[in-house]
Structure formats: structure tokens, C-alpha cells
Amino acid sequence: MNTRPLMMLRVNVATPQSVGAVPHGARRIAPITGGVFEGPRLRGTVLPGGSADWLLLRADDVLEMDLRVTLRTDDGALISMRSFGMRHGPPDVIAAIARGEAVDPAAYYFRTTPRFQTAHPAYAFLNRLLAVASGDRRAEGPIYTIHELL
Amino acid sequence: MLLRLATSPTADVGATPHGTLSIFPVIGGSFEGERLRGKVLAGGGDWVSGRADNALELDLRVTLETDDGALIYMTFTGLRDDAHQYFRTLPRFETAAPKYAFLNRLLAVGIGEIRADGPVHIIEEIL
């Protein structure tokens, strides 16, 4: 499958809200307080309200991620982004991430599939594409490298 | 893997608040890849919504049965936009069979194509 770069997205994560053991796993919610994104065709900031990652740690130690963020481009368009993702890896690597240490993103699996919605004509192309992202979990929050599926 | 779906006539639900809904029942099919092969069980379907911008949103659920008897629940959401020759999907899998548990831990992308004998999807794991 051919892809092309769409953008790099950095989000800042506040202290997660640990909901605890729910029927499907361990639920925690990571509020997103802001961030930035930049790519060849769009750039701007992440709005804090209504932006969070709903995380579910499954019994097989796969972390399911259900991210919703609102993006505001530098020319004022609002873009709603949602992505489903998975993160898993060797226990020592996952533990190092949990301690906030810098970890080589190649040492674990962290992939997501973003979708976009916008009403702004300049960004309507986002309504008509699927994308994949590689994540890099840093202490302040994840960095996503997002590619459009061509 | 390469997934071939056999569908029966569409149930056209019509104009709903979210678009024009058509349901494509899946009555069979086959799949084949390096690590899994088998047949598609009847009973699934693809819930296809036509959007105001003429693109189609796909929402598929099917059950796969491997040649060694494991059941795999597969879903995808997808986007088909014939005006831009774009037909891509994001498959996900669930299984309880240990041999195929790797499917529970991966995301995938698919390229769809409508052929005379039905839809075909070329599905790749996201590494």
C-alpha cells in the first residue's frame, strides 16, 4: 500500500483518570490539554476541550486506544480527528514507558488509524481519506507520524 | 491476505439521517494469505452509507473460518469514493484460537476492488 506524509501530531496528555476494571479490561482516560500538528498541507494546534484518549488495557496486554481530538488549523478551520489504535510490546519496554522514560519507538508496536471530519472546503480532502499512524510515546504525550493511504 | 466476498442482493434501507443506507448481506467467500486461509461464513454483511459528498462509508462484519477450523471475527470500516478511484479499508480481527492470536494484536489496511464476481479486498498488516 502506498502512503504519503500527512502530518506530525504532538499531543500533551494530562494525568490519566483511572476508571479501573471494566468488563472489557482496565479503562483509563487520558485528557489532552493541547498540542500541535504540522504537515505539507495543514498545520495548527490541538484544542483542549473534548480531546482525550480513551484507553483500554485488555487481558492480553494489548492497550486499545480510542483517541478523539479537535484540531484547529492556522487559518481557522476545525477538524475532528478520531483514531483507533493499539500499543503493546515487551513488558520491560512497556514498564519503561509507564515510568516516563524515553524509549525507542521501534521497540514496541504503537499504530493507529486516524479518520477526519471537517466542514471547511480547503480541508475537505481529509473527509475522503484513510490514514495510518506510528506512535512514539514520550513523557509529555505521544507523537504521531500520520500518513495518508493513497 | 486476499479476501473475496460473495454478496446477495442489497437491502436498500434508503435515506436515513446519516445518509443513504444499503446493506449488502455476505453469503460466502474465501480468503488466502501466507498465514491463514479458509472460507467466509454466511451471515455477515456490509452496511454501506452514502454520504452527501457521494463517498460511501463501509461498515463490514464477517466471520472467517480457517481451513483448520478456527473462527475469526473480522470487521472493517472503509471509504469508497468512486469519483476519486479510492477504495480503502481498515480491518480488525478477533479470535480465540491461539494459533491466530497474532491477529488480535495488529491493525491492517485494505485495498478494495469491485470485480464482476464480487468485491475483493487485498489486506496488509500494518507493521
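Here is the naming used below: chain letters follow the sequence lines, and residue numbers restart at 1 for every chain.
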Think R92(B) forms a cation-pi with F84(A), using NZ or CZ under 6.0 Å from the six-ring centre and within 45 degrees of its axis?
yes
Check whether D60(A) reaches the backbone of V62(A) with its side chain - one donor and one acceptor, N or O, closer than 3.5 Å.
yes
Interatomic distance, T33(A) atom OG1 to L47(A) atom CG [nearest 0.5 angstrom]:
12.0 Å
Consider only side-chain heavy atoms of I, L, V, M, F, W and Y, link residues closer than 4.5 Å, and tell whether F102(B) and M74(B) are in one cluster.
yes
Chain A: which of D81(B), T89(B), I126(B) shares the most heavy-atom pairs with it under 4.5 Å?
I126(B)
Heavy-atom distance under 4.5 Å to chain A: side chain of N104(B), backbone, both or neither?
both
So which residues of residues 85-124 of chain A are in contact with chain B at a heavy-atom cut-off of under 4.5 Å?
G85(A), M86(A), H88(A), Y109(A), R111(A), T112(A), T113(A), R115(A)
Which atoms of L129(A) come close to chain B, meaning under 4.5 Å heavy atom to heavy atom: side chain ones, backbone ones, both, or neither?
both
Between the side chains of D68(B) and T66(B), does any donor sit under 3.5 Å from an acceptor?
yes
By the ring pair (Phe, Tyr, Trp, His ring centres under 6.0 Å) test, which pairs, at least two apart or in different chains, include something from residues 45-81 of chain A?
none
Closest non-hydrogen contact found for L6(A) with L42(A) is O-CD2, 3.7 Å
